[in-house]
Number of protein chains: 2
Amino acid sequence: MARERKFSTDELYHATKQILLQHGYERFNFGLLAEQLDISRGAIYKYFDNREELITSYMQYEMKFFLKELQAIENYQTFNEKLTFLLDAIFKNSTIPQMITIGRRIPTSGNSKVKESIVQLENLHIDMYKLLQSFIDQGRKEAKLKESIPDSLILGMIFQSIMIPNHFGIPPIEWIQSIKEVICHGILNND
Amino acid sequence: MARERKFSTDELYHATKQILLQHGYERFNFGLLAEQLDISRGAIYKYFDNREELITSYMQYEMKFFLKELQAIENYQTFNEKLTFLLDAIFKNSTIPQMITIGRRIPTSGNSKVKESIVQLENLHIDMYKLLQSFIDQGRKEAKLKESIPDSLILGMIFQSIMIPNHFGIPPIEWIQSIKEVICHGILNND
DNA sequence: AACAAAAGTAACACTTATGTCACTTTAGAG
DNA sequence: CTCTAAAGTGACATAAGTGTTACTTTTGTT
């Protein structure tokens, strides 16, 4: 009953991601996106009213995907196994922390549709936090984690460490292994 | 021999910083800056040809100030004292890591004046790196630092940890103390 | 007082992005 | 084959930022 679409939502989200990573949030615009997808700018407005709505929708999509992957943390029993899994998962999705930082820059617009979308995105963040909170709780229960370190710092360390620029191109396996070591036991020798 | 200036370069840099922190690099514009300083937009062009030139100049200014403060690291003898000093210094200037990240987003423009300014800024980064390198070298010499952890990760950890958002408003003294603990000895108990 | 020179202004032309709308294209239902 | 509705287009008015320039204001010097 209708004409065939020239681009799927997945393709649109993929292009959105590329542009966000290359140009950053503020320089993202529908012209760039249309060009990337080889369609007219107007076509995008058939699906999204504006930039904020598109980007928050995309972030929800990305976040849901990541959350689904994170769920698998429950397949692991011990705290140590879970920690290793978590770091690997974040590394595999290393754009996620970047996206979260970009997400923080979206202005809480007057548009109510966008507001709604931001609320939903925040809910996904909370879901993620809950998932990770139970991981932390386990670490506390098993007395693996130092009591003095706040939960938010533990999670912050894990998420933020992924964004440390690897200027000297250390091989990823080495790099992530070192990050794991620092997060678990610090940079100092203990003798 | 000339009319009195309505704004000093320091005031201009201060306003620049505020706007960069509030609105981010991409939304920084001369209109906003002029409004903040209660002058006309055109006046700024008497001193800076464009946004990139102003921002790179400002970053040089900020970086020089920070470097000067960092020099004091040489007043401390032991590696541990130096580490404490370094973390405190970065915390006191917690906008510096943010500014460095913003700096990375400045497009390597065609304008040769801007290129020159970016080169100078990079040189300041190198100066900072050298200063910190000798600190790392001392840690290695004293066998304080784990051999397996790359230099760039140690510095990256220190710089990046400052940018972990303190969502739950943990008191700064506690927060920084915890960061120190994690960087030095990790999040895990060692028993 | 007349001037030179720097500081500041305001208007202009230009560029880039936005959101809308009347229009065309296309594929399936009847 | 024809009609319909969704998909897509291109032009338009609007908005915001850029960089330039002719102009005015101010101040110290002669």
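Values reported hereafter were calculated over all heavy atoms of this structure, with side chains retained and with hydrogens, waters and symmetry mates removed. Here the structure is a predicted model, which is why all the values come from computation and not from measurement. Throughout, a chain's letter reflects where its sequence line sits, starting with A, and its residues are numbered from 1.
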Protein-nucleotide distance (B/Arg41, atom CZ; D/dT18, atom C1'), rounded to Å: 6 Å

Gap between atoms CZ and C1', on A/Phe30 and D/dA11 respectively (whole Å): 19 Å

A/Asn50 CG - D/dT14 P separation (whole Å): 20 Å

Heavy-atom donor-acceptor pair, B/Arg3 side-chain to D/dG28 base, under 3.5 Å: no

B/Phe48 six-ring centre to B/Arg51 NZ/CZ under 6.0 Å and within 45° of normal: no

Whole-Å gap separating P (C/dG8) and CG (B/Leu12): 11 Å

Value in whole Å for how far the C1' atom of C/dT18 lies from CD of A/Glu52: 11 Å

hbond_proxy B/Lys46 side chain to C/dG8 base (donor-acceptor, 3.5 Å cutoff): yes

Whole-Å gap separating P (D/dT18) and CG (B/Leu33): 10 Å

Sugar-phosphate, base or nothing in reach of B/Tyr47, heavy atoms under 4.0 Å: sugar-phosphate

Sub-6.0 Å ring centroid separation between B/Tyr45 and B/Phe30: yes

Gap between atoms CZ and C1', on A/Arg5 and C/dG28 respectively (whole Å): 18 Å

Ring-ring centroid check B/Tyr58 B/Phe28, cutoff 6.0 Å: no

Separation of atom NZ in B/Lys6 from atom P in C/dA6, rounded to whole Å: 20 Å

Along DNA chain D (nearest heavy atom to each residue), the more 5'-positioned of B/Glu4 and B/Tyr45: B/Tyr45

Aromatic ring proximity A/Tyr47/A/Phe7, centre distance under 6.0 Å: yes

